[in-house]
Amino acid sequence: MTLTPSELRSLLKQDAAFRNARAILADEWAARAEENPLFQAPMTIADLKFALDLQAAGVGDSHVDFNDYAAVQAWISAHQQALTPNDIAWLQRNFE
């Protein structure tokens with residue numbers, strides 16, 4: 001798996017999109033949200049996709065196997081407050 005040009009640019013710049021994806025993979029979303037306590041945005045599908053692309057490219061270490069149904073369900077449960085219904089549906093799309 002290779003990163004898209006915009007993902008690679010984000011990785012090189014280590015911008016907000018990269019930091020969000022890295023926080024997802026490192027299971028540090030809560031710490032990332034604490035950086036700006038006045039505005040705690042939920043995860044987006046773009047954040048999740050970028051995180052999975054980083055994981056597939058071997059760039060980011062992850063504490064969860066997003067290809068395992070039980071692992072995804074447990075991860076969703078642990079991060080419910082940061083996920084929208086669309087995020088959850090996107091994460092579960094491969095298991096339906």
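Below, each value reflects all heavy atoms present in this structure, side chains not excepted, and no hydrogens, waters or symmetry copies.
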Which heavy atom of Met43 sits nearest to which heavy atom of Thr84, and what is that distance? O-CG2, 4.5 Å
Would you mind reporting whether Arg22 and Gln14 have side-chain heavy atoms less than 4.5 Å apart? yes
Looking only at heavy atoms, which two atoms of Phe18 and Ser10 are closest? And how far apart? N-OG, 3.3 Å
Once rounded to the nearest 0.5 Å, what's the spacing between atom CD1 of Ile76 and atom CG of Leu83? 6.5 Å
Taking atom CG of Leu25 and atom CG of Leu52, what is their separation to the nearest 0.5 Å? 7.5 Å
Can you tell me how far CG of Leu8 sits from CG of Asp53, rounded to the nearest 0.5 angstrom? 12.0 Å
For residues Ala51 and Ile24, report the shortest heavy-atom separation together with the two atoms involved. CB-CG2, 3.9 Å
I want to check something: taking the side chain as every heavy atom from C-beta on, are Asp27 and His79 in contact at a cut-off of under 4.5 Å? yes
Can you give me the closest heavy-atom contact between Leu48 and Trp75, atom names plus distance? CD2-CH2, 3.8 Å
Are any non-hydrogen side-chain atoms of Phe66 and Asn94 less than 4.5 angstrom apart? no
Distance in Å, Ser6 OG paired with Leu11 CG, rounded so as to fall on 0.5 Å steps: 11.0 Å
Nearest heavy atoms of Val72 and Asp65, plus distance in Å: CG2-O, 4.0 Å
Might you point out which heavy atoms bring Asn67 and Phe95 nearest each other, and give the distance in Å? O-CE2, 3.6 Å
With no hydrogens and no angle check, is any side-chain donor or acceptor of Gln55 less than 3.5 Å from a backbone partner on Phe50? no
To the nearest 0.5 Å, how far apart are NZ in Lys49 and CG in Asp87? 14.5 Å
Pairwise distance OH(Tyr69) to CD(Glu96) - rounded to 0.5 angstrom: 9.0 Å
Any heavy-atom pair between the side chains of Leu54 and Glu7 that's under 4.5 Å? no
